[in-house]
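Shown next, in structure tokens, is the structure this report addresses.
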Amino acid sequence: MLAVEPLAYGNPPPKSMLVVPFLIGWAQRLRYLSIIRSDERIRSRALTWLAMPAAILLAWTVLRWLRWYGIATCAKTGWGTRENGAEVTLTEPRTTVSA
């Protein structure tokens with residue numbers, strides 16, 4: 001709707017379509033403030049939570065295209081780690097007996 005509505009009908013998208021995802025993102029990331037770890041200070045957790053708008057913009061732009069690219073090219077696994085098959089098999093390993 002963010003692209004089709006303005007191009008096809010000339011109507012700008014409602015402001016709620018831009019505000020609500022940020023509010024939902026911040027609400028989902030409240031766990032950064034609620035889970036207390038001994039090796040992390042409260043200031044670090046608060047800064048992580050305040051950085052959520054940047055993370056949401058990144059997810060909307062760069063990461064969105066990477067997800068679609070990954071879906072489109074998931075069958076091409078030449079770069080994967082399983083080129084020679086799985087490392088684990090059901091057969092027992094050969095043992096060498098030294099005399």
Side-chain angles (χ1 to χ4, degrees):
M1 285 185 67
L2 289 174
V4 174
E5 189 77 22
L7 293 175
Y9 304 107
N11 298 332
K15 291 186 186 354
S16 63
M17 288 187 73
L18 300 174
V19 174
V20 170
F22 285 100
L23 294 176
I24 291 172
W26 264 331
Q28 288 177 338
R29 301 315 184 250
L30 281 174
R31 65 177 176 205
Y32 288 127
L33 299 177
S34 63
I35 298 174
I36 299 170
R37 291 178 26 188
S38 62
D39 63 338
E40 190 176 29
R41 293 190 290 183
I42 186 90
R43 182 177 359 137
S44 174
R45 292 192 319 231
L47 288 174
T48 301
W49 185 71
L50 289 173
M52 284 315 300
I56 293 168
L57 286 175
L58 183 70
W60 277 359
T61 55
V62 177
L63 297 179
R64 174 88 44 203
W65 294 108
L66 286 177
R67 284 186 201 113
W68 284 108
Y69 178 76
I71 291 169
T73 62
C74 67
K76 298 178 185 177
T77 58
W79 53 267
T81 59
R82 304 281 184 190
E83 289 180 18
N84 299 324
E87 295 87 15
V88 180
T89 61
L90 295 176
T91 60
E92 293 186 25
R94 294 184 200 179
T95 57
T96 58
V97 179
S98 49

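In this chain, residues are counted from 1 in sequence order. Just so it is clear, the model here is predicted, and its values are computed rather than measured.
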Exercise for the section: Could you check whether the rings of W60 and F22 sit parallel, tilted or perpendicular, using 30° and 60° as the cut-offs? Expected result: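 Ring orientation, 0 to 90° scale: perpendicular.
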Practice task
Mark yes or no for whether T61, through its side chain, and L57, through its backbone, hold a donor-acceptor pair below 3.5 Å.
Solution key: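 Pair found, side chain donor or acceptor close to backbone of L57.
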[atom1] of [X] to [atom2] of [Y]: how many Å apart, nearest 0.5 Å?
X	Y	atom1	atom2	answer
R37	I42	CZ	CD1	12.5 Å
L58	M52	CG	CE	10.0 Å
L30	R45	CG	CZ	12.0 Å
I71	L66	CD1	CG	11.0 Å

